Structures are given as structure tokens and as C-alpha cells.
Amino acid sequence: MAYPRLAPSSFLPFLLLSLICSLVSAQANEDATIKTMEDFSGYPLHERNDPFCGSSSLPTSLSVDGDSLQRQINELSTFSDTPAPSVTRILFSDKDVLARRYIKNLMGLSGLSVREDAVGNIFGRWDGYKPGLPAVATGSHIDAIPYSGKYDGVVGVLGAIEALNVLKRSGFRPKRSLEVILFTSEEPTRFGISCLGSRLLAGSKVLAEALKKTTVDGQNISFVDAARYAGYMKGEDDLSNVFLNSGNYSAFLELHIEQGPILEAEGLSIGIVTAIAAPASIKVDFEGNGGHAGAALMPNRNDAGLAAAELALAVEKHVLDSGSIDTVGTVGILELHPGAINSIPSKSHLEIDTRDIDEKRRNEVIEKIHQSAVAIAKKRSVSLTEFRIVNQDPPAISDKSIVKAMEDTSKELNLPHKLMISRAYHDSLFMARISPMGMLFIPCFKGYSHKPEEYAASQDIANGVKVLALTLAKLSLD
């Protein structure tokens, strides 16, 4: 039987219908898979570059997953070289490497594009619909001094990732890209250099050279070898590649526990930092004759240990004599040699930390400490073999427009707040050199920090994340 011959054009409706059915079926299967993954993760997995995908207006509802955030804080604390409840996480140690991997995984699950630089600063970016504009950044650190707590710095990293998740869940679409930064080595534990990663991002050429040539830890392991052990600086010696240009970010914000008692004592939810105190570090060495603790008579001794003790008291005196409550000084390290109960110390080593919101006043205190060291050495007939200012950083002032944005946001969220200064210094101190900067504090139990008892309530963390999220949204639309 012969069938009638159809014109080619007659096939078109059937072909189109078949193609449409196939596409719809494939899209349905893909949509079902994506929906399942999105239901599990709590945020969108895919976003188009279309500015109309999501809302570019400010979110009206902010939902923080406090349980998940607290679980992440607890999980991160397990990457520690000391048992719970303490946390010890030293730069480029095995536990530090595992903790970094954990953060990068969370960034990826949140749909952020992840990159790292030569010294291990980690960046997770959510592209805005105008990605060519300078981004808005936020972040902190996760390294921890020996036997410390699990909230210092960590709240500012995990809280930042959650802040972006909050915005994603709300349907918000940023104009400027939003970026989370995990800074390398905010603590000076291993190499004696605080805020190492952010100092480099801010363009410290002196530090870059020192890290390549002279910086070693207490076991005489060089920074370069330690970095390469952790997977960084491989085949790369020019650390100037880490430097960021001024204007790379339109704004930088850091969420942090207060590390002081003020917010808790006053029943406030949020502290808005107007300035970060200027820190300085000093290393001092005295050298005497030493001798037997029983045989050497008191009038004939040249005791390097007593010289160190006297200087420690002089530090306290000069700080108190400044007349300002904002001037502080600490002798955090005092070491005696040979360190035997029946031996007069022949050598002593001190490391002094002094800070002030007023750079001139702080420098005057440093000069008085130096004068005292010279006078004490002369009086006790010991040698002042070293008086070295390791760092002498200027203070940082928060950007007024960012401070206002944080104030307005706190009011909109009905969160009691106050303006305050930070006497502790943070990566924000150095980010302020290349970007307008702001900081948010949340209360912590009794102001405890750098000890296992460090604690921040889940609700206080959630409040901080909300203020951070909405402020980031505002700045991203600017």
C-alpha cells in the first residue's frame, strides 16, 4: 500500500512538539534535582547573571539558621591541638589545614566561588549583577592561640558565610559582588607577626621581604617552608602578588565578639566600632652575670631577672600615668635564663604590648618605657642588649558612612546598640588602609576571650549576623 507523500514543512509541527516535550521533561528532571538539593542546603544553588533573577531591593525578612551556625562553630572547634573546651589552632599546622578545608567546603556549599592567595588568605565570592564594580567584603580569622576559645574570629567567618546565605534565602540579588575573607594568621602565635594576612593584603613590602628571607618560628622553621607544607607558596616567591590595590573593595566589615564586658554589662546587642586602637609591640633583653643562688651575695649581684621585673612594673606605671583609660600595656612574655630555682638569672627577655586610640600618647608611653629600661640597666649593672619596637601601627578610624549604615540597620532591627572603640586590634585595622572599614561587636560572656570559657550566645550571634547581612545588602546596592 502506498502512503501519501507529505511535504517537508508538514513535519515541522511534529518536530517542534517533540523537541518541546523533551526539553520540558529534561527541565522538570533538573528542576526536581535542584529543588531537592536546595531544600537540603537552604539556599539557591544556581543563579543567572540576569539582574532580574532575585530582587535587587533590600530584603524585608532575614532568617538566620542559628542551629546550623552553632553546629558549624562546634564542628570547627574540633580542629584543635588541645582537648575541648579549649581550642589551639596554629598557623599552617595539620589542624589549621583541616579547618581551612572545612571553611572552603562551606563556601562552596553556599554557592561562592573560592580562591586562595600565596599565603593562604581565602576568598569566597558571590557575584553581583554588576561584577565589574568594587566588591563589598567581610570576614575575619580562624587561627587560635594555645588554649583559647571557639568564638574569637570564627564568628566573623562563619557568621559572614551565614549572612550571605541569609540574603540568598531572602531572594536578594546584590549589585556589587559580596566576598567573604578568611585572613591568614591574625594571631602572632607562630611567627610573632599579628594580622599577617591582612598586613600583606594592605601592601606591606617590608613584611613580604621578611617572610621570604628571615622569618622563622620557635623551631627554626621558616615561614616559606611552613607555608609550603600547608600547600601554599608552591613555585611562588613574589609575595607582592598578594597585595590588593586601594579601591579593590568599596567597603569592608568585620563581625566579632567584643572580647570585653561592656555590651553584656549594659544589656546591649550590638557594638558599632568607631575606631581601633593603635598597637605596638616591644622586645627587650637584659643580660647580667648570673651565679649561684646561695653563694653570690646580694650587694654583688647583677640580676637580669630583677631588671625585667622592675621594667614590668615601670610599664604599668607609665600606662597609668598617661591619664587615659584608653591607654593599656601588658608584659605578656617574661622569660628567665637559665630558669633554675637555685640560679640567679643571667638573661631575661620581655615582650611588651601597649595600645592606645591616640597614637601620639602611645608613642610617649613607649619612649618612657625605653628610658626606664636604660635607667634600670644602669642601676642594676646589667646590659640592655635589645630594645626593639617590632611593630608600631597607627590607629584605624571607621568610615562614617559605614558606621551610619550599621546604626540605621540596628535601629531598623530594633536592636539596642552603642558606638564604641576597639582596644583589641583586628584585621580591620589593616583593611582600613585599602578600603573604607567598619566593625560590629556582639556581647560575649563576662568579656572572656583567649581562654576556653569564651562564649557568645546563639541569639547574640544571630543578631550580629542580621545586622551584618542587611548592612552588606545596603552597601552592595550603593
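Everything numeric here is computed off the predicted structure, so don't read it as measured data. These numbers come from the heavy atoms of this one structure, side chains and all, not from hydrogens, waters or symmetry mates.
Asn342 and His292 form no side-chain donor-acceptor contact under 3.5 Å, judged by distance and modelled atom types alone. Glu367 and Asn363 share no donor-acceptor pair across their side chains, judged by distance under 3.5 Å alone. A donor-acceptor contact closer than 3.5 angstrom is absent between the side chains of Ser148 and Lys451. Judged purely by distance below 3.5 Å, without hydrogens or angles, the side chains of Ser383 and Glu287 never pair a donor atom with an acceptor atom. Tyr425 and Ser194 are linked by a side-chain donor-acceptor pair at a separation below 3.5 angstrom, with hydrogens and angles left out of the test. Between the side chains of Gln259 and Tyr448, not a single donor N or O lies within less than 3.5 Å of an accepting N or O. In this structure, a donor-acceptor pair under 3.5 Å is absent between the side chains of Asp353 and Thr330. Looking at Glu335 and His337, their side chains never bring a donor and an acceptor atom within 3.5 Å of each other. Judged by distance alone, the side chains of Asp427 and Ser198 do bring a donor and an acceptor atom under 3.5 Å apart. For the residue pair Glu187 / His450, a side-chain donor-acceptor distance below 3.5 Å is found, with atom types taken as modelled.
Atom CD of residue Glu75 and atom CG of residue Leu158 lie 9.5 Å apart, to the nearest 0.5 angstrom. Once rounded to the nearest 0.5 Å, the distance linking CD1 of Ile333 with CG of Leu350 reads 9.5 Å. Between Ile442 atom CD1 and Leu415 atom CG the span is 11.5 Å, to the nearest 0.5 Å. Atom OG of Ser177 sits about 4.5 Å away from atom CG of Asp127, to the nearest 0.5 Å. In this structure, OG in Ser246 is found 7.5 Å from CD1 in Ile434, a value given to the nearest 0.5 Å.
Taking the charged nitrogens against the carboxylate oxygens, Arg362 and Asp358 have no contact shorter than 4.0 Å, which rules out a salt bridge. Between Asp285 and Lys283 there is no salt bridge, since none of the side-chain N atoms of the basic residue sits less than 4.0 Å from a carboxylate O of the acidic one. A salt bridge between Arg199 and Asp393 is present, with a side-chain N of the basic residue lying under 4.0 Å from a carboxylate O of the acidic one. Of the charged side-chain nitrogens involved, none lies within less than 4.0 Å of a carboxylate oxygen, so that Lys368 and Glu364 do not count as a salt-bridged pair. Ion pair Arg176/Asp478 not flagged as a salt bridge, since none of the NZ, NE, NH1 or NH2 atoms sits closer than 4.0 Å to an Asp/Glu carboxylate oxygen. A salt bridge links Glu209 to Lys212: at least one charged side-chain nitrogen sits closer than 4.0 Å to a carboxylate oxygen.
Checking side-chain atoms of Thr184 against main-chain N and O of Gly120 turns up a donor-acceptor pair under 3.5 Å. Here the side chain of Ser422 pairs a donor or acceptor atom with the backbone of Ala424 at under 3.5 angstrom. Ser140 contributes no side-chain N or O that, together with a main-chain N or O of Glu254, makes up a donor-acceptor pair within less than 3.5 Å. Judged by distance alone, the side chain of Ser435 and the main-chain N or O of Met431 form no donor-acceptor pair under 3.5 Å. In this structure, the side chain of Asp117 engages the main chain of Asn121 through a donor-acceptor pair within 3.5 Å. Remark: side-chain polar atoms of Thr471 are paired, donor with acceptor, to backbone N or O of Val467 under 3.5 angstrom. Between the Asp238 side chain and the Ser240 main chain, a donor and an acceptor come within less than 3.5 Å of each other. Using a distance-only test at 3.5 Å, with no hydrogens or angles considered, no donor-acceptor pair links the side chain of Ser428 to the main chain of Met439. Of the possible polar contacts, none joining the Thr354 side chain to the Ala280 backbone as a donor-acceptor pair under 3.5 Å is found.
Taking the six-membered ring for Trp and thresholds of 30 and 60 degrees, Phe79 and Tyr102 have ring planes inclined between 30 and 60 degrees apart. Between Phe92 and Tyr232, the angle of the ring planes lies from 30° to 60°, which puts this pair in the tilted group. Taking the six-membered ring where the residue is Trp, His370 and Phe387 present tilted rings, their angle falling between 30° and 60°.
More than 12 heavy atoms of other shown residues, nucleotides or ligands fall within 6.0 angstrom of atom CZ in Arg115.
Pairs passing the side chain to side chain donor-acceptor pair (under 3.5 Å) check and including a residue from residues 309-320, sequence neighbours excluded, read Glu310-Lys379, Glu310-Arg380, Lys317-Asp321, His318-Ser372. Pairs engaging residues 83-100 under the salt bridge (Lys or Arg N to Asp or Glu O under 4.0 Å) rule: Asp96-Arg100 [sequence neighbours left out].
Taking the side chain as every heavy atom from C-beta outward, His141 and His426 never approach each other to under 4.5 Å.
Between Phe183 and Phe430, the distance separating the two ring centers is not shorter than 6.0 angstrom.
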